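Please read the structure below before turning to the comments.
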Amino acid sequence: MRDLFNLKDKTALITGAAGLLGYEHAVALMSVSCNLVLVDINKSKLILAKKKLLNFKKKIKILTYVVDITDEKALNTLVQKLKKNKIFVEILINNAALDPKMNNLEKKSGTVEKYDVKYLREEIDVGLVGAFLCAKVFGNEMSKRKKGIIINIASDLAILAPDQRVYSKTGKISDVLNFKPIGYPIVKAGMLGLNRYLATYWAHKGIRVNCLVPGAVKNKQSKKLLKEIANRVPMSRLARKDEYRGAIIFLSSKASSYMTGQLLIMDGGRSIW
Ligand SMILES: NC(=O)c1ccc[n+]([C@@H]2O[C@H](COP(=O)([O-])OP(=O)(O)OC[C@H]3O[C@@H](n4cnc5c(N)ncnc54)[C@H](O)[C@@H]3O)[C@@H](O)[C@H]2O)c1
């Protein structure tokens, strides 16, 4: 069984690795002896993430790179740097995305009528174009070596419309002030198209492409928002940030060897209600 999940001598690249879940993906892969290439635009958070990972004292290599994933040239430079050091990315986790926080229920924002298209463009650029570029650059290397794994991180908002009533003080849609903006669900739904396309495009080259569809993670949401969301989840709670670790190991390893183009939905049952 251990062999099924073991990733010793493999290397995984995680985008947005300094963020809440990116770091958790790194912990997961580290626990099965996978070497890590951590990519983020936030240098200080990236340094901190590496420091925390080194505390586990695991015998793996951890490299960090400050790279903007929307910059194709920077990604090509990174791939060449890694190649020079005989490092080949066998697992790519397309995790970076922009997700506007929804804590302020007092302020009117996020309405379709006033949504500035520049935010839509920014979100598409990081969440979709960035994921595409990483797949293009690292998938190209994988296809030459005839093996690889790509994991796209979507969201329950890839398969559901946001229930805006969770952002209402009264629970009524007519009283919502702060709407979840449309950019995020557009990006996450787009991720599913990217997933299907790449899975069929590269299957014969030994590359598997799957999508993790996580539900909301308990972080710094207000009590009221936590309660509203929990009421819509059969398991009556949000996810803990470490609850996707098993899925990342499963999708990255031989344990999922006959799986491609699929969605692994982990949302406490929210999408079946
Ligand atoms: N947190 C949740 O509740 C939740 C739920 C479902 C899905 N997700 C998805 O999980 C993924 C991670 O979410 P998170 O909560 O950890 O987000 P986060 O905001 O904590 O982390 C995102 C990271 O991406 C980095 N980043 C942003 N733009 C970048 C760029 N151009 N190039 C490189 N790095 C860039 C940021 O610096 C940040 O460290 C996202 O795709 C998100 O949509 C999160």
Side-chain angles (χ1 to χ4, degrees), residues 13-28 37-50 52 64-75 77-78 92-103 119 121-135 137-138 150-160 162 166 180-181 183-192 194-195 211-222 225-226 229-230 232-233 237-245 247-248 251 263-268 270-271:
L13 185 147
I14 305 169
T15 68
L20 183 73
L21 289 184
Y23 172 77
E24 293 297 324
H25 306 331
V27 174
V37 178
L38 308 179
V39 169
D40 207 290
I41 38 164
N42 189 323
K43 190 177 175 183
S44 55
K45 273 175 74 183
L46 201 51
I47 292 171
L48 193 68
K50 180 170 180 179
K52 275 166 54 187
T64 54
Y65 293 95
V66 178
V67 174
D68 181 343
I69 59 159
T70 66
D71 181 349
E72 187 169 4
K73 220 171 128 197
L75 288 171
T77 307
L78 174 60
L92 164 68
I93 308 200
N94 273 326
N95 170 75
L98 302 179
D99 182 8
K101 298 296 168 242
M102 297 298 300
N103 265 338
Y119 295 123
R121 292 200 169 108
E122 279 171 15
E123 288 193 45
I124 290 176
D125 212 22
V126 178
L128 264 184
V129 178
F132 160 72
L133 287 175
C134 288
V137 171
F138 296 101
I150 300 175
I151 302 173
N152 297 309
I153 307 295
S155 154
D156 54 2
L157 292 185
I159 54 170
L160 298 172
V166 301
K180 180 86 182 176
Y184 189 74
I186 290 178
V187 167
K188 292 300 168 180
M191 206 81 180
L192 309 189
L194 180 80
N195 194 63
C211 196
L212 176 63
V213 180
V217 176
K218 186 173 180 208
N219 190 16
K220 289 175 187 152
Q221 297 93 338
S222 67
L225 185 53
L226 283 174
I229 299 173
R232 286 158 173 84
V233 177
R237 64 175 179 87
L238 282 76
R240 291 190 311 271
K241 63 182 179 182
D242 63 1
E243 282 188 298
Y244 301 114
R245 288 183 188 176
I248 292 294
L251 292 174
L263 311 185
L264 180 50
I265 303 172
M266 292 182 76
D267 62 353
R270 181 167 185 180
S271 57

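Just so it is clear, the structure is predicted and the values come from calculations on it, not from any experiment. Note that ligands are numbered from 1 as they come in the structure, with each ligand's atoms numbered from 1 the same way.
Remark: Y244 engages L21, L212, P214, V217, A239, M266 in a side-chain contact (heavy atoms from CB on, under 4.5 Å) (not counting sequence neighbours).
Of all protein heavy atoms, the one lying nearest to atom 42 (C) of ligand 1 is Y184 OH, 3.3 Å. Looking only at protein heavy atoms, the nearest one to atom 39 (O) of ligand 1 is D40 OD2, 2.7 Å. For atom 17 (O) of ligand 1, the closest heavy atom belonging to the protein is L20 N, 4.6 Å. The nearest heavy-atom contact from the protein to atom 21 (O) of ligand 1 is G19 CA, 3.4 Å. The single protein non-hydrogen atom nearest to atom 24 (O) of ligand 1 is G16 CA, 3.3 Å, given as residue, atom name and distance. Looking from atom 5 (C) of ligand 1 to the surrounding protein, the closest heavy atom is G215 O, 3.4 Å. Protein heavy atom at the shortest distance from atom 26 (N) of ligand 1 is I41 CG1, 3.8 Å. Nearest non-hydrogen protein atom to atom 22 (C) of ligand 1 is A97 O, 4.0 Å.
An N or O contact shorter than 3.5 Å links D68 to ligand 1 by distance. For ligand 1, the polar-atom distance check finds no N/O of N42 at less than 3.5 Å from any of the ligand's N/O atoms.
In this structure, atom 32 (N) of ligand 1 has protein heavy atoms in its sub-4.0 angstrom surroundings. For atom 19 (O) of ligand 1, the nearest protein heavy atom lies 4.0 Å away or farther.
Between D156 and A216, the shortest heavy-atom contact is OD2-N, 4.0 Å. When all heavy atoms of L192 and C211 are compared, the closest pair comes out as CD2-SG, 3.8 Å. Across all non-hydrogen atoms, the minimal contact from M191 to L128 is N-CD2, 3.6 Å. Considering every non-hydrogen atom in both I69 and C134, the closest pair reads CG2-SG, 3.7 Å. The two residues D68 and I41 make their nearest non-hydrogen contact at CA-CG2, 3.5 Å. The minimum heavy-atom distance between L38 and A17, with the atom names listed, is CB-CB, 3.6 Å.
A donor-acceptor pair under 3.5 Å is formed between the side chain of T15 and the backbone N or O of A96. Between the side chain of Q221 and the backbone N or O of L226, no donor-acceptor pair lies under 3.5 Å. Proximity of a side-chain donor or acceptor of N95 to a complementary backbone N or O of G16 within less than 3.5 Å is detected.
Ligand-side atoms of ligand 1 in range of A216: 3 (O), range being under 4.0 angstrom from any heavy atom. Those atoms of ligand 1 that come under 4.0 Å of a heavy atom in A18, given as number and element, are 39 (O). Each of the following atoms of ligand 1 lies closer than 4.0 Å to a heavy atom of N95: 10 (O), 11 (C), 12 (C), 40 (C), 41 (O). Near I153, meaning under 4.0 Å from any of its heavy atoms, are these atoms of ligand 1: 9 (C), 10 (O), 11 (C), 41 (O). Taking every heavy atom of V67 and a limit of under 4.0 angstrom, the matching atoms of ligand 1 come to 32 (N), 33 (C). Counting atoms of ligand 1 from 1 in the listed order, those under 4.0 Å from a heavy atom of A96 are 24 (O), 34 (N), 35 (C).
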Show your reasoning for whether salt bridge (Lys or Arg N to Asp or Glu O under 4.0 Å) applies to R232 and D267. CA-CA 11 Å; R232 286 158 173 84; D267 62 353; over 6 Å; no

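Looking at K188 against ligand 1, only its side chain comes within 4.0 Å, counting heavy atoms. Contacts between V126 and ligand 1, counted as non-hydrogen atom pairs separated by less than 4.0 Å, involve the side chain only. Residue contacts with ligand 1, taken as heavy atom pairs separated by less than 4.0 Å, do not involve A239 at all. Heavy atoms of V39 found under 4.0 angstrom from ligand 1: none, in either backbone or side chain.
If you check each of P214, A74, P100 against atom 6 (C) of ligand 1, the one with the closest non-hydrogen atom is P214. Of the candidates I93, L21, L38, the one placing a heavy atom closest to atom 4 (C) of ligand 1 is L21.
Residues N94 and N152 meet the side-chain proximity criterion, which asks for heavy atoms closer than 4.5 Å.
From K50, atom NZ reaches atom OG1 of T64 across 5.0 Å, with rounding to the nearest 0.5 Å. Rounding to the nearest 0.5 Å gives a distance of 11.0 Å between CD1 of I124 and CG of L98.
Taking 4.0 Å as the cut-off, A154 counts as a neighbour of ligand 1 on heavy-atom distance.
Under the side chain to side chain contact (heavy atoms under 4.5 Å, CB included) rule, E243 has a single partner from R240, K241, R245, which is R240.
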